[in-house]
Amino acid sequence: MARATRPRHARHPAGLLGRRPLDAARRVQRADGFWSVNLADPDHFPGPETSGTSFLTYGAAYAVRAGLVSRAAFLPVATRAWRGLVSTAVHPDGFLGHVQGVGDRPDSSRPVTADTTADFSVGAFLLAGTEPAALSR
């Protein structure tokens with residue numbers, strides 16, 4: 001099959017968008033749908049973080065839609081994350097908060113608050129929203 005006609009996910013290494021990385025992410029997802037800044041230690045910089053959660057939301061929802069992972073196992077992960085983002089990170093005026101800034105380590109952009117934002121996270125959030133929208137059609 002010519003490269004241009006193959007499904008988009010067929011160009012990625014099998015493990016990149018597969019079940020193993022998403023299983024690991026699912027195990028450390030917070031009850032509010034977010035992932036912490038430090039995936040290995042939720043008590044290290046606790047609290048919601050929008051940019052990483054946005055990218056993980058996109059990945060989980062895309063993997064469900066593309067048939068790379070079980071819908072029953074991973075749709076709740078993506079749904080919980082999207083609901084968390086919309087209900088916590090998006091302010092009534094549209095401002096997107098709880099964004100970890102750019103830095104060479106997590107503590108270089110502390111604290112992450114409802115009022116911290118960055119352009120890259122707005123893009124990640126918008127990208128994340130494309131997949132739940134596609135799944136709802």
Side-chain angles (χ1 to χ4, degrees):
M1 178 181 297
R3 180 181 170 115
T5 61
R6 290 189 323 194
R8 195 169 69 180
H9 65 272
R11 294 185 299 243
H12 300 288
L16 184 64
L17 292 174
R19 185 178 177 99
R20 222 169 95 197
L22 287 175
D23 267 337
R26 179 175 61 167
R27 286 192 299 273
V28 297
Q29 186 180 29
R30 297 158 34 118
D32 63 3
F34 283 86
W35 282 271
S36 297
V37 171
N38 184 340
L39 297 176
D41 183 359
D43 295 326
H44 184 230
F45 306 126
E49 199 288 309
T50 299
S51 58
T53 297
S54 293
F55 286 121
L56 287 165
T57 302
Y58 171 78
Y62 172 79
V64 167
R65 190 172 62 81
L68 300 173
V69 296
S70 160
R71 184 180 187 92
F74 291 96
L75 183 58
V77 172
T79 301
R80 187 171 41 254
W82 182 246
R83 287 183 181 152
L85 286 165
V86 171
S87 67
T88 302
V90 180
H91 294 219
D93 65 358
F95 181 88
L96 187 68
H98 295 286
V99 176
Q100 177 184 352
V102 175
D104 63 339
R105 60 192 175 282
D107 60 346
S108 65
S109 60
R110 294 297 297 167
V112 175
T113 70
D115 297 321
T116 56
T117 196
D119 291 345
F120 69 87
S121 193
V122 174
F125 173 79
L126 293 172
L127 178 67
T130 63
E131 288 302 322
L135 282 168
S136 69
R137 286 188 220 138

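Each residue takes its place number in the sequence, starting with 1. These numbers come from the heavy atoms of this one structure, side chains and all, not from hydrogens, waters or symmetry mates.
In this structure, Trp35 contributes its side chain and Gly52 its backbone to no donor-acceptor pair below 3.5 Å. Gln100 places no side-chain N or O within 3.5 Å of a backbone atom of Glu49 that could act as its donor or acceptor partner. The backbone N or O of Thr50 lies less than 3.5 Å from a partner atom in the side chain of Ser54, making a donor-acceptor pair. Gln29 contributes a side-chain N or O that, together with a main-chain N or O of Val77, makes up a donor-acceptor pair within less than 3.5 Å. A donor-acceptor pair under 3.5 Å links the side-chain atoms of His91 to the main chain of Ala114, judged by distance alone. Between the side chain of Thr116 and the backbone N or O of Val112, no donor-acceptor pair lies under 3.5 Å.
None of Tyr58, Phe34, Phe125 except one satisfies the ring-ring contact (aromatic ring centres under 6.0 Å, His included) rule with Trp82; the exception is Phe125.
Side-chain contact between Phe74 and Leu68 is absent, with no heavy-atom pair separated by less than 4.5 Å. At least one side-chain heavy atom of Leu135 sits under 4.5 Å from a side-chain heavy atom of Arg71. For the pair Val90/Leu85, no side-chain contact is recorded, criterion being any heavy-atom separation below 4.5 Å from C-beta on. Between Ser121 and His98 there is no side-chain heavy-atom pair separated by less than 4.5 Å.
Across Thr53 and Ala81, no two heavy atoms sit closer than the pair CG2-CB, 4.3 Å. The minimum heavy-atom distance between Ala72 and Pro76, with the atom names listed, is O-CD, 3.4 Å. For the residue pair Ala25 and Leu56, the shortest heavy atom distance occurs at CB-CD2, 4.1 Å. Shown here for Ala78 and Thr57, the closest heavy-atom pair between the two residues is O-CG2, 3.9 Å. Scanning all heavy atoms of the two residues, the minimum distance from Pro46 to Arg30 falls at C-NH1, 4.2 Å.
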Next on the checklist: Applying side-chain contact (heavy atoms from CB on, under 4.5 Å) to Asp32 and Thr88, what does each step give before you reach the verdict?
Outcome noted: CA-CA 9 Å; Asp32 63 3; Thr88 302; 5.6 Å; no
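Hydrophobic clustering of Ile, Leu, Val, Met, Phe, Trp and Tyr side chains at less than 4.5 Å, counting indirect connections, unites Leu126 with Leu96. A continuous path of ILVMFWY side-chain contacts below 4.5 Å connects Val28 to Val69, so both sit in one hydrophobic cluster.
The structure places CG of Leu75 at 10.5 Å from CZ of Arg80, a figure rounded to the nearest 0.5 Å. Here CG of Asn38 is found 9.5 Å from CG of Asp43. Values are rounded to the nearest 0.5 Å.
Salt bridge absent: Arg20 and Asp23 never bring a charged side-chain N and a carboxylate O closer than 4.0 Å.
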